[in-house]
Amino acid sequence: MFLWVHYTDMVTALLAMPIAVAAGWVVMRLPAPPGSGPSRTWHLLFGLLLGGAALRVVAAVLLLRNGWEFAGPRLAFAGPALVVAATVFWLWVRPMLRSPAGEWRVAPWPGDYWAVAAAVGAVLVANAAQLAGLRPAAMTGVGVIGAAALGSARRRTRKGWTPAGRWWRTPANAVLGVAVAAAVLVAWTTASQLPAHHSMSGGALDIGGGSAIGHSHHGGASVTTLTGNDTAGVPARRFTLTAQPAMVELDSGQRVEAWTFNGIAPGPQLRVRQGDLVEVTLVNRLPGVGVTLHWHGVDVPNAMDGVAGVTQDAVPPGGRFVYRFRAAQVGTYWYHSHEMSSVQVRRGLFGAFVVLPADAPEQGDAVDETVLRHTWVDEDGVATLGVITGVQGRPVPAGRQVRLRLVNTDGEAATFTLTGAPVRVVAIDGTDVHDPSVLDGVRILVGGGARYDVAFTMPDHPVVLDAGGPTIVYSSDGNAGPGRGGTDPALLDPARYGTPATTPFGADSHFDRRFTLRVDERLGFYDGRPAMLYTLNNASFPDVPMLMVASGDLAEVTYVNRSGQHHPMHLHGHHMLVLDRNGRPATGSPWWVDTLDVGPGETYRVAFRADNPGIWMDHCHNLEHAVNGMVLHLGYTGITTPFQTGRGTANHPE
Ligand code: C2O
Ligand code: CU
């Protein structure tokens with residue numbers, strides 16, 4: 001419903017502009033008196049304008065269901081402008097063109113033409129503002145130039161105001177051409193640019209956001225000092241991950257030129273126990289590109305977060321970097337490179353990171369499997385579970401406990417469907433679900449970067465896990481069988497699943513900081529090239545103000561997704577408690593996330609405690625969106641970074 005209204009409205013707004021210009025032109029091109037007036041074209045264009053106005057108003061009213069944030073911009077601006085313009089045309093221009101006797105005539109006063117031009121200008125301004133997010137100065141420019149162009153379509157002669165010669169030779173066309181070029185130029189030059197050097201050192205503490213431009217704080221702590229205070233001693237677990245190119249063969253026989261850790265893809269699964277001191281040495285053997293390791297969902301100390309240009313420099317070819325942190329949280333996580341991540345994650349630089357409870361028995365009989373959904377980019381995208389593209393069988397004896405850790409490494413949300421057994425969803429983004437009820441099969445929308453753990457007892461018939469194509473069939477004989485059949489189980493609603501438990505804060509807590517992040521969708525420019533933009537509060541990186549907090553603050557963030565796409569919002573270093581969705585409180589088990597899929601038309605309110613000082617990325621984990629600027633940072637006052645991103649550096653975190 002939202003999508004339908006949203007895109008219909010966008011198209012209407014888009015079409016309103018040329019239609020308004022054309023309608024204006026028809027009036028401007030009327031011959032000097034005595035002449036014959038416009039007829040069909042005129043009526044058609046003005047009818048379209050009126051229809052568009054009505055449609056936009058209806059859309060706005062329908063979107064009131066999603067909240068004022070959705071209806072407001074349309075009701076407050078674009079809709080009324082269109083209504084006014086259409087009314088001007090219909091009530092003023094139409095009678096002015098028709099004599100009481102019914103024949104067409106031309107208005108006597110040139111001011112009427114300027115009124116038409118102004119109405120067209122208003123339509124241009126209001127719609128351009130909403131669609132392209134133009135700034136006030138640019139908007140006024142678009143409107144004035146558009147109106148002037150129309151106005152100049154007539155000139156004064158002895159006969160009064162007449163059309164200014166052949167239409168392709170009129171000054172109006174020159175002006176219009178200049179106007180369009182100017183609008184594009186303004187959009188291009190005012191778009192966000194990645195500077196040569198950009199520092200994410202935090203701005204001042206400021207309600208509602210800080211400064212996007214770095215200021216060094218005298219006496220502030222550097223991110224490099226934030227290594228955690230319990231990381232001395234001999235690591236319980238040591239791993240080496242070597243980034244290197246390798247050929248990955250999918251089960252279809254297809255070969256992908258991948259970038260891998262240790263020559264395999266997905267990279268090696270790292271399994272540790274809660275409380276372990278973990279040491280991972282990253283070695284870079286990739287030709288010509290830097291690499292890092294980010295521990296997605298693990299709230300590591302800031303210096304270990306692995307974001308190129310924010311918490312470290314990208315490790316150059318031939319270089320190495322040692323990550324050391326205490327595995328404090330049980331659960332399913334993953335790691336990936338955070339240098340050119342939109343490219344590097346896709347190409348294979350990722351793997352699973354699993355933290356088992358300290359007292360968990362050694363593997364034993366139970367099946368504990370991590371299932372990573374990944375789309376490989378070869379010629380076109382190939383969706384897989386690891387390297388499985390089709391249906392693959394796995395032998396599991398009846399009676400076994402099975403835990404599947406579902407990870408979506410893609411940017412797009414993926415639907416996992418599990419059928420054939422009573423199942424519980426036991427963890428979301430690493431955190432255990434409180435009191436998970438038994439479901440008769442389950443369908444889960446796993447957002448980009450998110451994880452869901454499901455558990456079941458193996459029955460004496462097959463259990464099928466379908467990840468929207470690639471499928472694993474668990475059965476006693478290990479045969480793949482025909483895959484999934486029958487009806488779809490119900491879609492899991494994490495806001496309603498499980499039972500409540502106490503949380504350190506909640507919807508009624510006093511918040512020290514409140515932030516709202518509005519996501520809009522527009523065609524525009526980013527870093528000098530045309531792009532589909534998903535803006536955060538009308539801005540793209542690095543122009544989105546940092547969220548500034550002081551250590552210990554309780555912060556509330558409201559995500560408003562006014563676009564037609566899913567945005568898996570990932571905050572590094574913290575877990576967020578979902579308070580409500582679309583204004584309705586989450587009533588199930590406390591729903592903790594590090595990556596929250598915010599769907600089209602949705603509004604989420606979340607809260608987190610600022611208890612992990614540093615400079616933390618907060619971005620859309622659809623990395624295509626991130627690389628087009630859908631990135632901001634959470635900054636703690638007084639924390640600075642010596643690292644820089646930008647064209648003049650080797651650090652390109654997205
Ligand atoms: Cu999984 Cu900033 O990333
Ligand atoms: Cu996004």
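We count ligands from 1, going down the list as the structure has it; atoms in each ligand are counted the same way. Quick note: residue numbers are just sequence positions, from 1.
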What atom name does the N, O or S atom of His567 nearest to the Cu ion (ligand 2) carry?
ND1
Got a sec: is His296 within less than 2.8 Å of atom 2 (Cu) of ligand 1 via an N/O/S atom?
no
Return the orientation label for the Tyr333 and His575 ring planes: parallel under 30°, perpendicular over 60°, tilted otherwise.
perpendicular
For atom 2 (Cu) of ligand 1, does an N/O/S atom of His294 lie at less than 2.8 Å?
no
Taking N, O or S atoms only and a limit of 2.8 Å, check whether His570 reaches atom 2 (Cu) of ligand 1.
no
Using the six-membered ring wherever Trp is involved, compare the ring planes of Tyr604 and Trp591 and label them parallel, tilted or perpendicular (cut-offs 30° and 60°).
perpendicular
Metal proximity, His572 vs atom 1 (Cu) of ligand 1, N/O/S cut-off 2.8 Å:
no
More than 12 heavy atoms of other residues, nucleotides or ligands under 6.0 Å from CH2 of Trp4: yes or no?
no
Once you measure the plane-to-plane angle for Trp334 and His336, does it fall in the parallel (<30°), tilted (30-60°) or perpendicular (>60°) bin?
tilted
Can you tell me if, anywhere in His336, an N/O/S atom lies at a distance from atom 1 (Cu) of ligand 1 that is smaller than 2.8 Å?
yes
What angle, in degrees and rounded to 10°, do you get at atom 2 (Cu) of ligand 1 when you join it to NE2 of His619 and to NE2 of His338?
120°
Which of parallel (below 30°), tilted (30 to 60°) and perpendicular (above 60°) describes His625 and Tyr534?
tilted
Ring centres under 6.0 angstrom apart (His621, His296):
yes
Of all N, O or S atoms in His625, the one closest to the Cu ion (ligand 2) is ND1
Under 2.8 Å from the Cu ion (ligand 2) - does any N, O or S atom of His566 fall there?
no
Decide if the gap between the ring center of His633 and the ring center of Trp616 is smaller than 6.0 angstrom.
no
